[in-house]
There are 2 protein chains.
Amino acid sequence: MKIGQLADKTGLSIQTIRFYERKALLAAPQRTQSNYRSYSDEALKQLLFIKQCRSLDMTIEEISLVLETRTNPESSCENVNATMDKHIDDIKHRISELNALQKTLKSMRAACNDDKKIKECGVLHRIDSIVDSHCPAKRND
Amino acid sequence: MKIGQLADKTGLSIQTIRFYERKALLAAPQRTQSNYRSYSDEALKQLLFIKQCRSLDMTIEEISLVLETRTNPESSCENVNATMDKHIDDIKHRISELNALQKTLKSMRAACNDDKKIKECGVLHRIDSIVDSHCPAKRND
DNA sequence: CTTGACTCTATACCAAGTATAGAGTTTACA
DNA sequence: TGTAAACTCTATACTTGGTATAGAGTCAAG
């Protein structure tokens, strides 16, 4: 199978497939006489696995780790689970960051309605007041 | 004030300050005879404003927009508020994506404990089963 | 035989910085 | 006054996960 067909079957772009090869997520395939990449069904499965992992927002490094472990069916899956645990924890952390941020933004936004002028804008005043409180210039004047 | 002092006062790195200048968030300052950047207190305030916006996870483009509007105190703050609304919405969207993702990951992770072998790993089986269901290779055999 | 579709490599680009090399400048101390 | 450390300058490369070109070669249909 040539790269275009593989792209169609996986829903990944041709560039992305070549990118994964450069990143060593996907083994370099055989080449035809005219130097075209020629893929097996194994490559298709591997790519779908990678795609699924990416849809879980795993980084390429994380996927790399899991793929490496996966090649030895007798090895322990401790590494895979540790990677997942770390990943779950990262996401939990990011969610709580974003929740806090959302709260701040909403309260900030509530300080202004749309028909004010810039000099009266509640949002800008809120930012400015934080800036002023951190700005040593005031104290040096 | 030279760039190093400005970096100390803002808590930004020297490179970041120069980066913001390249991105036109910060006006190019005057230069000394030896070509060193020489900053006013205005620049300090501007940088603290930018830093605060970045801590709100606003993109440089969003900050640019707000800064531009901000220069005219008589203009309407509609743009600022529209930017904030869009930003709040983006974050809301991202949070719900991450929540869904977290749920998937946790349920996946629950399918395996640490002392299994790779071939028995519940996490990998869950990924594989999704892959298999999307893989046309099976049907072509 | 030529046109269009496909593929190849190499390179540049995006965000939001960070890190470096190599050169010039200023400051502190003896 | 000398010199060494600390500072600054520009320019360039690197990060992540791709995307988008240019310019060349290959393949299939009419």
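Side chains included, hydrogens not; waters and symmetry mates left out as well; all remaining heavy atoms used.
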Subject >> Divergence of helical axes at both termini of the helix from C:dC1-D:dG30 to C:dA30-D:dT1 - five pairs an end, 10° steps >> reply: 30°
With a 3.5 Å distance limit and no angle check, can you tell me whether [X] reaches the backbone of [Y] through a side-chain donor-acceptor pair?
X: A:His87; Y: A:Ala82; result: no
X: B:Asn81; Y: A:Asn113; result: yes
X: B:Arg31; Y: B:Ser34; result: no
X: A:Arg18; Y: A:Arg22; result: no
X: B:Ser64; Y: B:Glu61; result: no

Original post:
Residues in side-chain contact (heavy atoms from CB on, under 4.5 Å) with B:Glu42, at least two apart?
Top reply: B:Ser40, B:Lys45
**OP:** Would you give the length of the straight line joining atom OG1 of A:Thr10 to atom OH of A:Tyr39, rounded to the nearest 0.5 angstrom?
**Re:** 9.5 Å
Could you tell me the separation between the [atom1] atom of [X] and the [atom2] atom of [N], rounded to a whole number of Å?
X: B:Ile50; N: C:dA16; atom1: CD1; atom2: C1'; answer: 13 Å
X: B:Gln5; N: C:dT26; atom1: CD; atom2: C1'; answer: 13 Å
X: A:Tyr39; N: C:dC6; atom1: OH; atom2: P; answer: 16 Å
X: B:Ile63; N: C:dG17; atom1: CD1; atom2: C1'; answer: 13 Å
X: B:Leu47; N: C:dA16; atom1: CG; atom2: P; answer: 16 Å

**OP:** Please say which of A:Ile127, A:Leu124, A:Asp114 ends up in a side chain to side chain contact (heavy atoms under 4.5 Å, CB included) with B:Val80.
**Re:** A:Leu124
Subject >> Pair A:Glu97 + A:Arg94: basic N to acidic O under 4.0 Å >> reply: yes
Subject >> Residues A:Glu21, A:Arg37: salt bridge by 4.0 Å N-O rule >> reply: yes
Subject >> Residues within residues 28-36 of chain A bordering DNA chain D, heavy-atom distance below 4.0 Å >> reply: A:Ser34, A:Tyr36
Original post:
Near DNA chain D, under 4.0 Å by heavy atom, which residues of residues 10-25 of chain B?
Top reply: B:Ile14, B:Arg18
Original post:
In chain order, what residues pass the salt bridge (Lys or Arg N to Asp or Glu O under 4.0 Å) check against B:Asp8, with sequence neighbours excluded?
Top reply: none
**OP:** Taking atom types as modelled, find out whether A:Ser107 and A:Arg126 have a side-chain donor-acceptor pair closer than 3.5 angstrom.
**Re:** yes
Original post:
5' to 3' on DNA chain D, which nucleotides open and close the contacts with chain A (atom under 4.0 Å from a heavy atom)?
Top reply: D:dG17 to D:dC27
Original post:
Looking at side-chain heavy atoms only, is the closest gap between A:Leu25 and A:Phe49 below 4.5 Å?
Top reply: no
